[in-house]
Amino acid sequence: MTLSKSQYIRALQCHKSLWLYKNKPELRDIPDKAQESLFNTGYEVGDIAKELFANGVEIEFDEYNFDSMITKTKELIESGCKVIYEATFKKKGIFAMADILVKNGDSWDIYEVKASTSVKDYYIDDTSIQWYAISKAINLNKAYIVHINNQYTRQGKLNIKELFTIEDITDIVKQNQHDIITKLDEIEKMLFQNEPNIDIGKHCFEPFECDFYNYCWSHIPEKNSIFDISYAMGKQWELLNMGIYSIDNIPLDFTFGANASLQIAHHKSGKIKIDKPAIKDFLNTIQYPINFFDFETFQEAIPRFDFQRPYQQMPFQYSLHILHQDGTLEHKEFLGDENSDPRKPLIEQMLKDITPNGSIIAYNQSFEITQIKNLASFYPAKSNELLSLIDRFVDLAYPFQYKHYYHPNFKGKYSIKIVLPTLFPDDDELNYKKLGSIQNGSDAMDTFANLHLLKDKSNIDKIRKDLLAYCHLDTLAMVRIWEKLWEIMKK
């Protein structure tokens, strides 16, 4: 048996996942854009962290010749090298690569670099298996996790030492050594048997979603499954143990909370709930001219601009539809330059574009309000103007969140991506899937964050048009939903 550290972590999460990985890898799910973005962030953070221990020598990764990596590592150690990046070892059936290996007297310290902002439990297991293998080849002294310090604010040149936090986890890593041999024995026995009979459960998502999800969950209905119940508070697992997979088969005497019960009742009846007095009260709080407003933000592990923190949400774009009392609808928008900090020009343009009076409508307003507060802190000269906008906000999600209007197709949720296609099922103008490369907020965030790295500049105009089209639809959708609510009131 040969295991990498990632395979060992996979086995700790679920034996079946590792068995499938080793025996039926073709069943793995293809990584989506969000997962690829996480991988890329990890690579970027790993490269920057090497500057903490400069002048090291890197072992080039060679997926076709691991032995050459191991040999190169051994040669560097014997030659007196003090810092090695991606030092590679294979001992006791474990293939281990230390992110940073640093000489400390007659021994070595391991530094494992992570792109997160804290030490997670599986990082301990990750480093523990590293220690288990590497300690068989060289004398180890300390084990550390290097992670992002999200309290660091960039001002001028990037301060690498302040960007990262280094935590000593040596004691717990050493304690874990006692259990590793037992766990490896269990894993080895499992791998030489038939596919483990392990049912789905919370372990499918913890510490991360397994990439054999579609295979293992194939017996769960694609539509109207018990896992479509929102606010189920874990009770779907009780139903699963009872052999119940579909909402249609849930017994009448099975109890849920109010939200989940409402969802199930309307699913079974097919009825739409409309509380006209509550909807009317909500609509009457909105004043002309109505500013339908939406931000898009990006975040980066490594801050590029002054007064930016790691993973800080940075508004770079907005869309604004303004509906006047005479029925005139105008549109304004802003999209920042990917090569410079977009916040100041965005603030200045936004304060010109939003009307001096009237309501400002957002969908889930807490996000927009939070960004405005952050922008006010960033730009004190415009702070009063920005903060004065907050009291004018109205949340268009409100009547859906509080079930004044509820449709069975909402499945207990109320996001605009759920509400819009339910209210306008055949309107291509309001169909996010008809857009170009940007079809959701994650696409927008990741695309803009990486736009400055794009080598083929000929694609930038097309990408910027896609970004504008996506954000435009967000606010146009709000206009149409507002109109639909009035239409419902008039019927």
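Just so it is clear, the model here is predicted, and its values are computed rather than measured.
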Can we say Asp67 and Lys90 salt-bridge, meaning some charged N sits less than 4.0 Å from an Asp/Glu carboxylate O?
no
Modelled atom types, side-chain donor and acceptor of Tyr379 and Glu348, under 3.5 Å:
yes
So, Glu300 and Arg304, do they make that salt bridge, N to O below 4.0 Å?
yes
Out of curiosity, Lys82 NZ to Leu76 CG, how far, rounded to the nearest 0.5 Å?
13.0 Å
Backbone of Trp237 reached by a side-chain donor or acceptor of Asn241 within 3.5 Å:
yes
Start with the C-alpha distance between Ile360 and Ile354, add both sets of side-chain angles, then the distance that settles side-chain contact (heavy atoms from CB on, under 4.5 Å), and finish with yes or no.
CA-CA 8 Å; Ile360 305 171; Ile354 293 177; 4.0 Å; yes
Is a side-chain donor or acceptor of Glu112 paired with a backbone partner of Val146 at a separation under 3.5 angstrom?
no
More than 12 non-hydrogen atoms from neighbouring residues, nucleotides or ligands closer than 6.0 Å to CD1 on Ile390, yes or no?
yes
Between Asp99 and Val113 (side chain of the first, backbone of the second, donor and acceptor by atom type, cut-off under 3.5 Å), is there such a pair?
yes
Take atom NZ in Lys5; do more than 12 heavy atoms of anything else shown fall under 6.0 Å from it?
yes
Checking Gln312 against Gln299: is there a side-chain donor and acceptor pair closer than 3.5 Å?
no
What distance do Glu75 atom CD and Lys72 atom NZ have between them, rounded to the nearest 0.5 Å?
6.0 Å
With side-chain contact (heavy atoms from CB on, under 4.5 Å) as the test, would you mind laying out the steps for Asn176 and Trp131 before giving the verdict?
CA-CA 10 Å; Asn176 285 352; Trp131 184 285; over 6 Å; no
Does the cation-pi check pass for Lys16 over Phe212, that is, NZ or CZ under 6.0 Å from the six-membered ring centre and within 45° of its axis?
no
How far does CD1 of Ile169 sit from CD1 of Ile172, to the nearest 0.5 angstrom?
8.0 Å
Within the distance-only criterion (no hydrogens, no angle test), does the side chain of Asp29 pair as donor or acceptor with the backbone N or O of Tyr213 below 3.5 angstrom?
yes
Check step by step if salt bridge (Lys or Arg N to Asp or Glu O under 4.0 Å) holds for Asp456 and Lys462.
CA-CA 11 Å; Asp456 185 357; Lys462 167 73 166 57; over 6 Å; no
Would one find more than 12 heavy atoms of other residues, nucleotides or ligands at under 6.0 Å from atom CG of Asn55?
no
Once the angle between the rings of Phe227 and Trp217 is folded into 0 to 90°, is it parallel (under 30°), tilted (30 to 60°) or perpendicular (over 60°)?
perpendicular
If you draw a 6.0 Å radius around NZ in Lys417, do more than 12 non-hydrogen atoms from other residues or ligands fall strictly inside?
yes
For the backbone of Tyr215 and the side chain of Ser218, can you confirm whether one donor and one acceptor N or O come within less than 3.5 Å of each other?
yes
Could you please spell out the steps behind the side-chain contact (heavy atoms from CB on, under 4.5 Å) verdict for Glu296 and Leu335?
CA-CA 9 Å; Glu296 296 300 331; Leu335 176 57; over 6 Å; no
Is the shortest side-chain heavy-atom distance between Phe208 and Ile9 below 4.5 Å?
yes
Between Ser4 and Ser6, is any side-chain donor less than 3.5 angstrom from a side-chain acceptor?
yes
Going by the angle between their ring planes, with limits at 30° and 60°, are Tyr111 and Tyr144 parallel, tilted or perpendicular?
parallel
Just wondering, do Lys183 and Tyr8 contact through their side chains at under 4.5 Å, heavy atoms?
yes
Just checking, any donor-acceptor pair under 3.5 angstrom between side chains of Gln7 and Lys22?
yes
Looking at Met350 and Phe293, what are the two nearest heavy atoms and their distance?
SD-CZ, 3.4 Å
Assess whether a salt bridge exists between Lys24 and Glu195, defined as any Lys/Arg side-chain N lying under 4.0 Å from an Asp/Glu carboxylate O.
yes
When every non-hydrogen atom of Arg10 is compared with those of Asp211, the smallest separation belongs to NH1-OD1, 2.8 Å
State, to 0.1 Å, how close Ala362 and Glu368 come at their nearest heavy-atom pair, and which atoms those are.
CB-OE1, 3.8 Å
Give a yes or no on this: more than 12 heavy atoms of other residues, nucleotides or ligands lie within 6.0 Å of atom NZ of Lys91.
no
Looking at OH of Tyr363 and CG of Asp395, how far apart are the two atoms once the value is rounded to the nearest 0.5 Å?
8.0 Å
Check the pair Leu101 / Asp109 against side-chain contact (heavy atoms from CB on, under 4.5 Å), numbers first and verdict last.
CA-CA 6 Å; Leu101 195 64; Asp109 295 335; over 6 Å; no
Geometric cation-pi criterion Lys136 and Tyr132, 6.0 Å radius, 45° cone
yes
Between Thr165 and Tyr152, do the side chains contain a donor N or O and an acceptor N or O under 3.5 Å apart?
no
More than 12 heavy atoms of other residues, nucleotides or ligands under 6.0 Å from CZ of Arg28: is that the case?
yes
Could you check whether Tyr470 and Asp294, counting side-chain N and O atoms only, form a donor-acceptor pair closer than 3.5 Å?
no
Without swapping roles, check the side chain of Trp19 against the backbone of Gln193 for a donor-acceptor pair under 3.5 Å.
yes
For a side chain to side chain donor-acceptor pair (under 3.5 Å) check, start with the C-alpha distance between Asp171 and Gln175, then their side-chain angles and the critical distance, and finish with the verdict.
CA-CA 6 Å; Asp171 290 343; Gln175 291 171 17; over 6 Å; no
Going by atom types alone, do Gln263 and Asn259 pair a side-chain donor with an acceptor below 3.5 Å?
no
Determine, for Lys189 against Asp185, whether the closest basic-nitrogen to carboxylate-oxygen distance falls under 4.0 angstrom.
no
Is there a donor-acceptor pair closer than 3.5 Å between any side-chain N or O of Gln308 and the backbone N or O of Phe305?
yes
Answer yes or no: is there an ion pair linking Asp341 with Lys344, defined by an N-O contact shorter than 4.0 Å?
no
Nearest 0.5 Å, please: how far is CG in Asn339 from CD1 in Ile460?
7.0 Å
Would you find a donor on one side and an acceptor on the other, under 3.5 Å apart, between the side chain of Asn450 and the backbone of Leu453?
no
With a 4.5 Å heavy-atom cut-off, do Phe295 and Ser319 have their side chains touching?
no
Heavy-atom nearest pair, Ser225 first then Ile220, reads CB-CG2, 3.6 Å
Salt bridge flag under 4.0 Å for residues Lys382 and Glu385
yes
Tell me if a side-chain donor or acceptor on Asn104 pairs with a main-chain N or O of Ser107 at a distance below 3.5 Å.
no
Is any NZ, NE, NH1 or NH2 atom of the basic residue among Lys33 and Asp446 found under 4.0 Å from an Asp or Glu carboxylate oxygen of the other?
no
Ionic contact status for Arg464 with Glu338, cut-off 4.0 Å:
yes
Looking only at non-hydrogen atoms, find the nearest pair between Ala232 and Gln236 and report the distance.
CB-OE1, 3.3 Å
Side chain of Gln130, backbone of Ala96: donor and acceptor closer than 3.5 Å?
no
